[in-house]
Amino acid sequence: MEEKKIDINSIIGFILIFGILVWIMYQNQPDPKVVAAEKAQKELVLKAQKAKELANKAVEKATVAVATGDSTQLVALQKTLGNFAYSATLPSAKNDFTTIENEVIKLKIANKGGYIAEATLKNFEKFKKGSGQLVELIKNNNANLNIVLQTNDNRTLNTKDLFFEPTLTKIGADQVLSMKLKSGPNSFLEYKYVVKPNDYMIGFDVRSQGLNQVLNTAKPLDLEWDLKAFRNEKSISYENKYTEIYFEHKEGKVDYAGLGAKEEETLEKPTFIAFKQHFFTSILVSKTPFEKAQLVSTNLMNDEKVDTTFTKSFKANLPLAFTNGELDYKLNWYIGPSDYKTLAHYDQNLEKIITLGWGIIGWINRFIFVPLFGFLGSYIAYGIAIILFTILIKLAMSPITFKSFLSQAKMKVLRPEIAELGEKFKKDPMKKQQETMKLYNKAGVNPMAGCIPALIQMPFLMASFQFFPSAFELRQQKFLWADDLSSFDEIVKLPFHIPLYGDHISLFPILAAIAIFFYMKMTSGDQQMAAPQQEGMPDMAKMMKIMIYVSPLMMLFFFNSYGAGLSLYNFISNLVTILIMLVIKRYFIDGDKIHAQIQENKLKEPKKQGRFQRKLQEAMEQAEAQKAAQQKKK
């Protein structure tokens with residue numbers, strides 16, 4: 001039998017591999033400082049949770065002590081709650097609520113914590129019209145308002161765990177609810193809610209009296225405001241797309257936190273924080289800016305089949321600074337619809353939380369689309385208003401459309417001569433380009449004239465993509481087969497889910513796709529005739545043939561789950577464009593006259609070249625000179 005020999009190379013290889021593994025394990029060892037920091041952080045969190053649990057138990061014991069008259073237990077409570085044990089001795093120290101309401105909103109304020117436990121909007125229904133379920137922005141502990149109290153005797157208490165004493169009065173037509181967390185007969189922390197008639201803006205003052213000897217006033221108190229946004233619309237994924245935190249900071253600048261899985265922002269001098277849902281919002285407004293704010297937005301909707309209740313979770317942490325040892329903040333709380341006109345009424349920049357786009361797109365929406373559509377919608381049904389609105393916009397843009405078609409017609413007339421130049425200078429592409437530019441200049445034709453009108457119209461198209469999804473007026477408005485113009489117009493419910501399409505079939509996107517198909521079919525021929533194939537450039541004819549079929553498919557998939565109002569706008573827009581194009585081509589553009597005009601222009605002195613044409617020709621001439629110099633060197 002052959003004796004096996006030791007393979008030295010294998011042994012060396014194993015040693016090297018073992019050494020590498022040891023090195024990797026050594027390198028991946030956690031830094032002792034990091035481990036210690038993480039351990040300390042965990043201990044702090046556990047300590048805070050334990051303190052919170054003790055405070056809760058103390059409050060519960062206080063309730064029992066008050067009910068049984070156990071003075072010994074009350075004395076023991078003072079060791080846990082300090083001066084605020086007094087609040088637990090009052091008759092109001094029980095899990096009760098006070099209701100305040102007007103014509104549009106109903107609020108339930110909890111004795112324990114003093115915060116809004118329920119907020120119901122009286123004039124709006126969830127999911128669809130006739131559902132019988134009113135929109136409830138706050139209920140079932142989805143929201144929380146808390147101030148972390150730091151006392152002089154080193155206690156940390158949370159207002160949400162302590163009992164407030166309610167006092168409801170009326171001042172004129174206003175309802176005023178004072179919620180006082182007392183540390184004595186004349187010392188307290190007060191939340192004051194003021195509800196005015198027919199108004200979504202709630203007055204909310206936070207002030208203290210006589211607490212400068214109770215609280216540690218050396219540093220601000222933390223106000224914590226949390227909200228898990230309930231689903232209120234038919235499509236939770238579509239609603240989630242427009243649910244985000246907005247804020248105003250830095251002298252009137254309004255911005256948003258983002259739409260990622262988890263977004264965090266640290267602000268300086270914020271004046272309002274808005275927990276904006278698609279069509280409803282909760283906004284905390286301060287008359288004087290907070291020093292700073294920490295915001296967190298967490299996405300709760302990952303799978304619309306499973307995550308059907310909440311869209312996002314919002315958290316805000318705001319410092320409340322002391323003035324002369326006391327708190328005194330004049331705040332307001334808007335709880336209502338995300339409606340542009342309603343928010344603009346308050347003249348505090350609140351309407352800027354509505355997603356209308358930035359720059360020129362935002363200007364078009366704010367100064368053209370919003371007022372025009374608002375005017376039409378106040379007189380006629382919203383479905384008809386969209387149709388009339390679209391027709392007016394397209395008619396206003398028709399001069400630009402006319403210029404675009406006229407440019408295409410001129411290019412079409414010149415195509416034979418351009419083709420001749422292409423054949424004549426087949427072996428010299430640079431010369432061909434130069435001669436083509438000379439022909440354009442001599443004939444008085446600008447090759448860029450057809451592009452400029454399209455670029456001018458583009459912002460209006462992009463503005464519509466921002467305007468219609470944000471138009472609160474369309475919510476639950478019916479038109480033809482669509483029962484809600486702000487959501488998709490489902491005509492067939494599919495028993496399965498198609499990726500990127502959904503589990504339903506919407507009709508308006510199909511009509512819009514058909515209109516786009518015929519529009520592109522009609523215009524692609526003219527565009528191909530107008531722009532001859534250039535050597536070294538992509539074959540535009542083939543690209544257009546592909547786009548004729550790709551664009552409608554994109555429309556079909558992209559808009560299937562979008563609001564029916566936007567799909568209706570695109571359908572009517574393309575339909576009106578086709579009609580305008582037919583009218584222009586039949587009654588306003590005469591190929592023979594254009595040809596005669598071009599021939600007449602050729603006989604005249606060539607027009608002075610525009611700056612762009614001059615720069616382009618100079619670049620071509622320089623390239624031609626470099627090419628000639630290189631050929632001489634060879």
Side-chain angles (χ1 to χ4, degrees), residues 97-110 114-126 133-139 142-143 145 166-179 190-207 223 225 227 229-230 232 246-248 254 270-289 314 316 318 328-354 370-371 374 377-378 470-473 475-476:
F97 303 90
T98 304
T99 299
I100 50 175
E101 60 185 308
N102 58 20
E103 297 82 355
V104 295
I105 190 170
K106 178 180 178 181
L107 304 176
K108 283 181 67 175
I109 313 299
Y115 56 83
I116 299 173
E118 292 184 13
T120 305
L121 302 182
K122 295 183 175 182
N123 298 329
F124 305 105
E125 293 178 289
K126 295 167 65 173
Q133 303 178 63
L134 293 177
V135 170
E136 297 169 292
L137 297 185
I138 301 175
K139 69 171 184 176
N142 76 311
L145 180 76
T167 304
L168 181 61
T169 58
K170 289 196 74 173
I171 300 177
D174 299 346
Q175 298 175 67
V176 180
L177 176 62
S178 170
M179 303 292 294
E190 181 186 34
Y191 296 163
K192 185 164 70 175
Y193 298 89
V194 180
V195 175
K196 298 178 180 179
N198 202 36
D199 198 345
Y200 294 104
M201 188 68 80
I202 312 300
F204 180 60
D205 294 350
V206 178
R207 75 180 187 95
L223 184 149
W225 176 34
L227 176 72
F230 279 114
N232 291 302
Y246 272 81
F247 46 84
E248 182 186 56
V254 177
T271 50
F272 74 69
I273 308 293
F275 292 168
K276 178 185 175 293
Q277 298 166 241
H278 188 183
F279 286 126
F280 301 97
T281 191
S282 303
I283 310 175
L284 187 61
V285 187
S286 178
K287 292 183 179 179
T288 56
F314 300 131
L318 304 161
D328 188 11
Y329 277 83
K330 305 294 183 184
L331 309 175
N332 285 290
W333 222 333
Y334 176 89
I335 303 174
S338 302
D339 177 44
Y340 187 89
K341 289 184 292 185
T342 303
L343 293 170
H345 167 74
Y346 296 105
D347 195 26
Q348 296 184 65
N349 274 348
L350 302 183
E351 71 278 6
K352 290 185 179 180
I353 72 169
I354 307 301
V370 168
S378 62
S470 300
F472 182 84
E473 303 95 319
R475 187 177 186 269
Q476 296 181 356

(message) Please determine whether the number of non-hydrogen atoms from other residues, nucleotides or ligands lying under 6.0 Å from atom CG of Asn198 exceeds 12.
(response)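 Buried by this count: over 12 neighbours within 6.0 Å.
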Would the distance check show the side chain of [X] and the main-chain N or O of [Y] forming a donor-acceptor pair, the cut-off being under 3.5 Å?
X: Asn102; Y: Lys196; value: yes
X: Thr120; Y: Lys122; value: no
X: Glu248; Y: Pro270; value: no
X: Asn142; Y: Leu137; value: yes

[X] versus [Y], closest heavy-atom pair with distance:
X: Gly203; Y: Asn332; result: CA-OD1, 3.5 Å
X: Phe275; Y: Ala316; result: CZ-CB, 3.9 Å
X: Tyr115; Y: Ala143; result: CE1-O, 4.3 Å
X: Gly114; Y: Met179; result: CA-CE, 4.0 Å
X: Phe279; Y: Ala471; result: CE2-O, 3.9 Å
X: Leu227; Y: Ser282; result: CD2-OG, 4.2 Å

(message) Does either side chain, that of Asp199 or that of Tyr346, offer a donor lying less than 3.5 Å from an acceptor on the other one?
(response)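 Yes.
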I need the [X] [atom1] to [Y] [atom2] distance, nearest 0.5 Å.
X: His345; Y: Asp339; atom1: NE2; atom2: CG; result: 12.0 Å
X: Ser338; Y: Ile353; atom1: OG; atom2: CD1; result: 5.0 Å
X: Leu331; Y: Leu223; atom1: CG; atom2: CG; result: 8.0 Å
X: Gln348; Y: Lys287; atom1: CD; atom2: NZ; result: 8.5 Å
X: Thr169; Y: Gln175; atom1: OG1; atom2: CD; result: 9.5 Å
X: Ile116; Y: Leu107; atom1: CD1; atom2: CG; result: 5.0 Å

Taking C-beta and beyond as the side chain, do [X] and [Y] meet within less than 4.5 Å on heavy atoms?
X: Tyr191; Y: Ile109; result: no
X: Asp174; Y: Pro197; result: yes
X: Thr271; Y: Ser286; result: no
X: Lys352; Y: Tyr246; result: no
X: Ile100; Y: Leu168; result: yes

(request) Evaluate side-chain contact (heavy atoms from CB on, under 4.5 Å) for Val206 paired with Asp328, printing each intermediate quantity in order. (result) CA-CA 6 Å; Val206 178; Asp328 188 11; over 6 Å; no
Can the ring centroids of [X] and [Y] be said to lie less than 6.0 angstrom from one another?
X: Phe314; Y: Trp225; result: no
X: Tyr334; Y: Phe280; result: no
X: Phe247; Y: Phe272; result: no

(request) Please lay out, stage by stage, how Glu101 and Lys106 fare under the test salt bridge (charged side-chain N to carboxylate O under 4.0 Å, His left out). (result) CA-CA 4 Å; Glu101 60 185 308; Lys106 178 180 178 181; 5.1 Å; no
(request) Fit a plane to each ring of Trp333 and Tyr193, take the angle between them on a 0 to 90° scale, and name the class: parallel (under 30°), tilted (30 to 60°) or perpendicular (over 60°). (result)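 It falls in the parallel class, under 30°.
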(message) With side chain to side chain contact (heavy atoms under 4.5 Å, CB included) as the test, pick out the partner of Ile335 among Ile283, Val104, Ile105.
(response)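 By the side chain to side chain contact (heavy atoms under 4.5 Å, CB included) criterion, Ile335 pairs with just one of Ile283, Val104, Ile105: Ile105.
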(message) Whether Lys139 engages the ring of Phe230 as a cation-pi pair (distance to the six-membered ring centre under 6.0 angstrom, angle to the ring normal within 45°) should be assessed.
(response)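 Yes - Lys139 lies over the ring of Phe230, closer than 6.0 Å to its centre and within 45° of its axis.
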(request) Before giving the answer on side-chain contact (heavy atoms from CB on, under 4.5 Å), spell out for Leu343 and Tyr200 the whole-Å C-alpha distance, their side-chain angles and the decisive distance to 0.1 Å. (result) CA-CA 10 Å; Leu343 293 170; Tyr200 294 104; over 6 Å; no
(message) Please evaluate residues Tyr340 and Thr342 with respect to the criterion side-chain contact (heavy atoms from CB on, under 4.5 Å), reporting the C-alpha separation (whole Å), side-chain torsions for both, the decisive distance (0.1 Å), and the verdict.
(response) CA-CA 6 Å; Tyr340 187 89; Thr342 303; over 6 Å; no
(request) Under the salt bridge (charged side-chain N to carboxylate O under 4.0 Å, His left out) rule, what do Lys330 and Asp205 come out as? Steps first, then yes or no, please. (result) CA-CA 5 Å; Lys330 305 294 183 184; Asp205 294 350; 3.6 Å; yes
(message) Run the side-chain contact (heavy atoms from CB on, under 4.5 Å) test on Val176 and Lys192 for me, step by step, so that the C-alpha distance in whole Å, both residues' side-chain angles and the decisive distance to 0.1 Å come before the verdict.
(response) CA-CA 7 Å; Val176 180; Lys192 185 164 70 175; 3.8 Å; yes
